[in-house]
Amino acid sequence: MKARLFIALLAFAFTVACTSKVKAPESAVPELVEGPSAELGAIDSLMWRQPDSALTVMLEFAGSAEVDSLDEFNGHYCQVLISELLYKNDWKQSNREELLKAVGYFDSIVGLDGVDVQKQNAFLTARAHYINGVGFYEKGDVVNACAEYLKTLEVMEAHFEENELAGHKARFLAYTYNRLGDLFSEQFMMESAITCYENALVYCKISPTSPIGIPNILYRIGKQYDKKNEIENASLYYGQALENMAATENIVYRNIVASKALCDYKSGVATDSSLEELYYTLKCSDTEKERLNRYLTIGGIHFLERNYDSAIFYLEPVFEDNDAGLQTQAAGYLRIVYDSIGDVEKSNVYMRFLTNQKKPDGENKALVSKLEDLYKNYSNQKLEKQAETEREIAKKKVLDTVVPIGIAVALAIFCVLIWRNRRQLKYQQEEADKALGEAEQEHEKELRLWQAEADKTLEETKKKYEEELRQLKADTEQQLEEVERKHQQWIAKAKERHEEELREQRDQSKKEIEKTKKRHEEELEAERLVYQKEQEALRQNLRQREEQVNALETAMVQQREEASRRREAFLKEPICQHINELLHGRHITTRDTSFKHEAIALKEEDYKQLKEAVERHYAGFDNALLSRCPSLRHSDLALCHLHLMGLGEGEIAALRSRTYSGIKKQNESLQEKLGVKEDIASYILRVIEGLCGTQNGTQGGTQTNGAIDDDLDAWIERQIKDHPKITTEELAEKSHKGVRTIKRHISMMRHIRYVGSGYSGHWEVIE
């Protein structure tokens, strides 16, 4: 009663707070708006990650003063968010009238100018139609719900290219196709449902809706083939769903296992193991509804096997429940069972129930016909748009072909014109050459006459110059003899002067050489003293390093001895001895399944005692793992506790009543979460050795792995200062961390940057 009252008050608070400024859309095109308010945008962003937290924030916002300042756009946006939050938190819509106004408003502004605004409004419009379809579906109006979902797809396809459909948009389309698939599945329109689920799978692979989103869609496709009695295809999709399912402790995983087991039974493959798996899923059921679903499946198998007593045992509790779908299936089985054993009275009871539940054939056919028409119209419009797009592409290809041909023809015509012009120019050139030849002949005659006169004048001038040259040569020889004589005199005087200067310089050089030798000896002595000091400093540094290495080796030996003592004490704990006794004498291989070792499966109390033993001997072990990955689950920590005992994956699978492949996948998932390359067992042993070293302290100024874990950022900074060219791989090897962990820490250290590129660069620490 209190829960209903709280829901009613919350819905009322939303309606009163968010309708104060919301107006119905006007007939004219509204003015361009700036966009969503910061508060609503933050709530919207939070809703995609944590719907429950977003609902709490929206409730606080609904009672704040900021609501009164919302414009028309944000008022309608607020109503869409309220409907989405109510739906995602499993509440019915309480603002149907306001939502319908919001749908009309966003439809009216989709055509606004501006690409960014138009796409933003288009996404809001699509969301408004989607959540309006949810409201119609809640009221039982399947046809209008289908129409709204298809309108959602039309808006998204009209405004976004394929490469833009990522992130929230891809998840949104996956949700929409899933809703359509579920709607068609309920009306036994299996082909349409399969098409929708396949489209949902495409977008879910781009941006997963949840960790189990992909296997869940594969499971739904398998269910459609199951309805069509195509057992082989159904089993294929169930198998793919199991391969993509990382987590195994959820109802979807158990549903897939149960459906595949039923398919295996129908196809005659491993009939006994199919029943064992169904009993196992029944044992793991979390809710009453899940338990009844398992009862229905098992009862159906007993019905097919004609084990009527067992069938009645499982089917009657299903019929007594109020779930109409389960009641109808159980009643169908029970009517035939009681008819077969001769209990006519009970058979008639179930017959009357089925008669009352059955809808008129005409009504069902009319509903399916309407849905088929809607989906067919949507598909035809989509095909027409695709055909139009293909025609545009074809036109573009034609233009791309015709234009080059036209250019080629134009070039050919141009080349012909050039050829004709060249022929004409050649003819004109020949005429010009002919005229030029005649002119050259006349010029040659005149040139010969001029040449004869020039030769005569040149001969006279030559004789005159030869006489002048002989006279000039005689005068020049006389002048050269005089210059040679003066030059010899100057050389003799210069030799005497140079010899005198050389004698004086030789005396001075001896003194300078003595001074230089003395200076060199002093410099060599000073250099020798400096060299001795450097050698002494190096020897002192070497001795200090040797002392540090010896201290580190001593600390590591003590650490290993301490780890060995703690391990012996840990294995002597009663719970560890109990686990070893359970495994003693059992031959467990990787082919064993969890069902064969239920007798040695650990109980919750065993896990609790093992955790307490770990805390007694390795205090801080769980905190060390959680500091690396806060999202580790209780089952992950329990797996690490079993690895502390040195158990193999097959033994752990038997103790946890799981398959070997399931434990192997969980180990691989742990490696990814913790960011380590080595196997989990080796990493855990290294963690406990680090815990022992941390408690013993450090010796001789050395730093243990535990100290590195305490302040990894400071350790990285010291390493970079000492070795600027060190690589992230070398840092990971020294610190025994993963490369991704080192890169993540460096990316958060804003005062460290890498200068240069590749192996030629280096690290710098900005002070």
Side-chain angles (χ1 to χ4, degrees), residues 211 246 545 548-549 551-553 555-556 559-560 563 618-633 636-637 639-641 643-644 664-767:
R545 292 291 176 90
Q548 291 177 357
V549 170
L552 180 59
E553 289 178 351
M556 291 177 67
Q559 181 178 339
R560 292 193 187 98
Y618 299 109
F621 174 76
D622 288 358
N623 291 334
L625 296 179
L626 290 171
S627 65
R628 286 185 66 95
C629 179
S631 63
L632 288 181
R633 299 174 300 178
D636 294 330
L637 293 175
L639 178 62
C640 294
H641 295 162
H643 275 301
L644 273 176
K664 190 171 184 65
K665 286 183 179 179
Q666 189 175 2
N667 280 335
E668 293 171 354
S669 175
L670 266 177
Q671 282 181 279
E672 184 177 353
K673 289 179 180 178
L674 296 172
V676 296
K677 294 181 178 179
E678 58 190 324
D679 61 90
I680 289 300
S682 301
Y683 173 72
I684 286 172
L685 292 178
R686 186 160 57 78
V687 169
I688 62 174
E689 286 184 2
L691 289 174
C692 295
T694 302
Q695 294 181 4
N696 287 337
T698 57
Q699 298 180 4
T702 62
Q703 188 179 35
T704 65
N705 289 339
I708 292 176
D709 289 336
D710 290 340
D711 195 351
L712 184 57
D713 291 350
W715 182 84
I716 291 174
E717 183 176 344
R718 287 195 298 273
Q719 292 294 320
I720 286 176
K721 283 183 177 179
D722 294 340
H723 311 286
K725 287 185 173 291
I726 194 169
T727 65
T728 52
E729 288 78 7
E730 291 171 343
L731 286 170
E733 184 178 356
K734 283 187 175 184
S735 62
H736 300 289
K737 304 290 183 183
V739 175
R740 288 190 297 179
T741 302
I742 295 297
K743 288 182 178 180
R744 184 175 70 252
H745 278 264
I746 290 177
S747 66
M748 293 187 291
M749 298 167 69
R750 301 298 182 189
H751 61 292
I752 289 179
R753 64 180 180 183
Y754 191 80
V755 180
S757 62
Y759 292 101
S760 61
H762 64 278
W763 296 101
E764 283 187 359
V765 179
I766 304 172
E767 300 295 343

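No experiment lies behind these values; they were computed from the predicted model shown.
Between His643 and Asn667 the shortest side-chain heavy-atom distance falls below 4.5 Å. Side-chain atoms of His745 and Trp715, non-hydrogen and from C-beta on, never get closer than 4.5 Å to each other.
For the pair Glu672 and Arg740, the tightest heavy-atom approach, listed with the atom from each and the gap, is O-NH2, 3.6 Å. Between Ser735 and Ile742, the shortest heavy-atom contact is OG-CD1, 3.6 Å. Between Val687 and Ala624, the shortest heavy-atom contact is CG1-CB, 4.3 Å. A pairwise comparison of heavy atoms in Gln671 and Glu678 identifies NE2-O, 2.8 Å as the closest pair. Residues Thr741 and Leu674 share a closest heavy-atom pair of OG1-O, 4.3 Å. Across all non-hydrogen atoms, the minimal contact from Lys725 to Gly761 is NZ-O, 3.5 Å.
Partners of Asp679 under the side chain to side chain donor-acceptor pair (under 3.5 Å) rule, at least two apart in sequence or in another chain, are Ser682. With sequence neighbours left out, the salt bridge (Lys or Arg N to Asp or Glu O under 4.0 Å) criterion links Glu733 to no other residue. A search for side chain to side chain donor-acceptor pair (under 3.5 Å) contacts involving Arg753 returns Glu764, not counting sequence neighbours. With sequence neighbours excluded, no residue satisfies side chain to side chain donor-acceptor pair (under 3.5 Å) with Glu668. Under the side chain to side chain donor-acceptor pair (under 3.5 Å) criterion, Lys673 pairs with Asp636, sequence neighbours left out. For Ile726, the side chain to side chain contact (heavy atoms under 4.5 Å, CB included) partners are Gln719, Ile720, His723, Glu730, Leu731, Lys734, Trp763, not counting sequence neighbours.
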Quick one: do Ile752 and Ile766 satisfy side-chain contact (heavy atoms from CB on, under 4.5 Å)? Show the steps, please. CA-CA 6 Å; Ile752 289 179; Ile766 304 172; over 6 Å; no
Step by step, work out the side-chain contact (heavy atoms from CB on, under 4.5 Å) result for Met748 and Asp713. CA-CA 9 Å; Met748 293 187 291; Asp713 291 350; 5.8 Å; no
Please step through side-chain contact (heavy atoms from CB on, under 4.5 Å) for the pair Leu644 and Phe621, ending with a clear verdict. CA-CA 10 Å; Leu644 273 176; Phe621 174 76; 4.0 Å; yes
For Val676 and Leu670: C-alpha separation, side-chain torsions, deciding distance, then whether side-chain contact (heavy atoms from CB on, under 4.5 Å) applies. CA-CA 9 Å; Val676 296; Leu670 266 177; over 6 Å; no
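Separation of atoms SG (Cys640) and CG (Leu632) is listed at 7.0 Å; rounding is to 0.5 Å.
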